[in-house]
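What's counted below: heavy atoms across the whole structure, side chains too, no hydrogens, waters or symmetry copies. Residue indices begin at 1 and follow the sequence shown.
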Amino acid sequence: METLVISANDKQCAETAAELLKQGQLVALPTETVYGLGADGLNPEAVAKIFDAKGRPQDNPLILHIADPKDLEKLCHHIPESAWRLVETFWPGPLTMVLPAKEIVPKCTTAGLPTVAVRCPDNEITRQIIALAGVPIAAPSANLSGKPSTTTAQHVLNDHKGNIPMIVDGGACRVGVESTIVDLTEDTPRLLRPGGITPEQLQAVLGELTVDKAVTAQIDKDAVVKAPGMKYKHYAPQCQVVIVSGSREKAAEYIRRHYTSGDRVLCFQEELPLYAGCNPLSYGKEADVATLSAGLFDALRQLDDPSVHKVYARCPVGGGIAYAVQNRLKKAAAFQIIDGEAAV
Ligand code: TXA
Ligand code: MG
């Protein structure tokens, strides 16, 4: 199959994409977070194609994307007042809410769960396509399962060339990490995945927020967890990734001492001079954490190469969007962290 890459600025783009989606085909769509691999979320045959194309485990449910926040009611029941406050504050935007699913949502979309994850993306062309298709669009991150997420049309093409009919090219994704997921089915809202909307922002609207254990620690692959996707190895290049924490100088001292040929250093732009001779790759500026979230997956994809033996990674500290970057990097590193201050 030929994979068409059509610019979001192309006049025919939205109609062509919507037509394919209505026919039950896959279309890769840009969002403000990452590119998604979209299909008609109410059509089980179309949804099955997503699992096939990604090689995605069947027990990992999909997020439904809607063009109009009001459509939430068509997919969910028992929507608490707090959900509408989140909608009001953050939609369209990088926030996904988990709520009890209505009958209309097929079991393959929710992987058999009684709940469904829904979000309204902050991307003009994609909302236009969803509205034209007239159905909620199921869309996981468009990467092959287990690989770093896709933040450009080229990333999607690298993973799916010849296997999907169309990619909508909307340029590089602004946020760069996937949406924040919050579960609103219990008494206290629960953060299942940090992302573009920060825990601080959520707390300001919700008051209370608990953080799911899958956010902060490695989860056994047989464990029962709230967001099934969080237990899988994710976001990772093929080789071992190790985070080295601590001050710039101490971390550089440790990494330079242990670096051997074939290793790479994933660091902040400000640190590049410290790693001359160690094949460093910067993913953004430590002083501007949004550049780190925007650049992380592109960097991890560059490092996903058989010639790379091991990656020493530097991770931003603190809250806000840094919290989401920490989560993705820790998962890429399978939570292997060396304290550069203490290590020899
Ligand atoms: O930013 C995003 O959310 C991107 C773009 C394309 O919208 N999508 C995305 O989808 O990241 P995906 O499939 O890569 O990640 C969805 C996560 C998985 O960890 C999945 O287990 C979880 O959401 N999830 C989906 N439905 C759920 C549900 N009903 N309950 C709990 N977790 C759910
Ligand atoms: Mg994903």
Taking the side chain as every heavy atom from C-beta outward, state whether [X] and [Y] have any pair of such atoms under 4.5 Å apart.
| X | Y | answer |
| --- | --- | --- |
| Gln12 | Ile6 | no |
| Phe297 | Thr150 | no |
| Lys54 | Ser141 | yes |
| Pro121 | Pro92 | no |
| Val98 | Leu113 | no |
| Pro30 | Asp169 | no |
| Ile243 | Lys330 | yes |
| Val135 | Asn43 | no |

Distance (rounded to the nearest 0.5 Å) between [X] [atom1] and [Y] [atom2]:
| X | Y | atom1 | atom2 | value |
| --- | --- | --- | --- | --- |
| Glu270 | Ser282 | CD | OG | 8.0 Å |
| Leu157 | Thr152 | CG | OG1 | 9.0 Å |
| Ile125 | Asn9 | CD1 | CG | 8.0 Å |
| Leu42 | Leu75 | CG | CG | 7.0 Å |
| Thr188 | Leu206 | OG1 | CG | 10.5 Å |
| Tyr312 | Tyr275 | OH | OH | 11.0 Å |

>> Before you tell me yes or no, could you show the steps for Val118 and Ile66 under side-chain contact (heavy atoms from CB on, under 4.5 Å), namely the whole-Å CA-CA distance, both residues' side-chain angles and the distance that decides it to 0.1 Å?
In response: CA-CA 7 Å; Val118 184; Ile66 54 179; 3.7 Å; yes
Are [X] and [Y] within salt-bridge range, i.e. N to O under 4.0 Å?
| X | Y | result |
| --- | --- | --- |
| Lys147 | Asp304 | yes |
| Lys49 | Glu45 | no |
| Asp263 | Lys310 | no |
| Glu286 | Arg314 | no |
| Lys74 | Asp68 | no |

Do you reckon [X] sits in the same ILVMFWY cluster as [Y], going by side-chain contacts under 4.5 Å, direct or chained?
| X | Y | value |
| --- | --- | --- |
| Val325 | Val241 | yes |
| Val34 | Ile321 | yes |
| Ile130 | Leu95 | no |
| Phe51 | Leu26 | yes |
| Ile337 | Leu300 | yes |

Would you confirm whether [X], through its side chain, and [Y], through its main-chain N or O, come within 3.5 Å as a donor-acceptor pair?
| X | Y | value |
| --- | --- | --- |
| Thr33 | Glu178 | no |
| Thr126 | Leu29 | no |
| Asp159 | Leu144 | yes |
| Thr110 | Pro61 | no |
| Gln326 | Gly318 | yes |
| Tyr35 | Gly170 | yes |
| Arg256 | Gly277 | no |
| His258 | Tyr254 | yes |
| Glu271 | Arg248 | no |
| Ser293 | Gly176 | no |

For the [atom1] atom on [X], are there more than 12 heavy atoms of other groups (residues, nucleotides or ligands in this structure) within a distance under 6.0 Å?
| X | atom1 | value |
| --- | --- | --- |
| Glu186 | CD | yes |
| Glu124 | CD | no |
| Lys161 | NZ | no |
| Gln23 | CD | yes |
| His78 | NE2 | no |
| Glu208 | CD | no |

Which atom of [X] lies closest to which atom of [Y], heavy atoms considered:
| X | Y | answer |
| --- | --- | --- |
| Tyr323 | Pro199 | CD2-CG, 3.5 Å |
| Val116 | Cys76 | CG1-SG, 3.7 Å |
| Val47 | Ala39 | N-CB, 4.5 Å |
| Pro57 | Ser145 | CD-OG, 3.6 Å |
| Cys120 | Ala67 | SG-O, 3.7 Å |
| Ala138 | Leu62 | CB-CD1, 3.9 Å |

>> Could you walk me through whether Leu296 and Thr151 satisfy the side-chain contact (heavy atoms from CB on, under 4.5 Å) test, starting with their C-alpha distance in whole Å, then the side-chain angles of each, then the deciding distance to 0.1 Å, before giving a yes or no?
In response: CA-CA 9 Å; Leu296 178 66; Thr151 54; over 6 Å; no
> Glu341 and Ser247: side-chain hydrogen bond (donor to acceptor under 3.5 Å, both in side chains), yes or no, with the steps?
Replying inline: CA-CA 7 Å; Glu341 300 287 329; Ser247 70; 3.0 Å; yes
> Is the Tyr283 ring parallel, tilted or perpendicular to the Phe268 ring (thresholds 30°, 60°)?
Replying inline: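 Rings of Tyr283 and Phe268: tilted, as their planes differ by 30° to 60°.
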> Hey, mind stepping through Ser179 and Arg193 against side-chain hydrogen bond (donor to acceptor under 3.5 Å, both in side chains) and telling me if it holds?
Replying inline: CA-CA 8 Å; Ser179 62; Arg193 180 176 72 182; 3.2 Å; yes
> Can you list the steps and then say if Val168 with Val27 is a side-chain contact (heavy atoms from CB on, under 4.5 Å)?
Replying inline: CA-CA 7 Å; Val168 175; Val27 177; 4.0 Å; yes
> Applying the salt bridge (charged side-chain N to carboxylate O under 4.0 Å, His left out) test to Glu32, which of Arg119, Arg174, Arg127 qualifies?
Replying inline: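 Of all the options given, the one that passes is Arg119.
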>> Under the criterion side-chain hydrogen bond (donor to acceptor under 3.5 Å, both in side chains), I'd like the reasoning laid out for Asp298 against His155: C-alpha separation, chi angles, the key distance, then a yes or no.
In response: CA-CA 8 Å; Asp298 183 67; His155 292 164; 2.8 Å; yes
>> Determine whether Leu72 and Met97 satisfy the following criterion, side-chain contact (heavy atoms from CB on, under 4.5 Å), listing intermediate values before the conclusion.
In response: CA-CA 10 Å; Leu72 184 63; Met97 297 192 294; 3.7 Å; yes
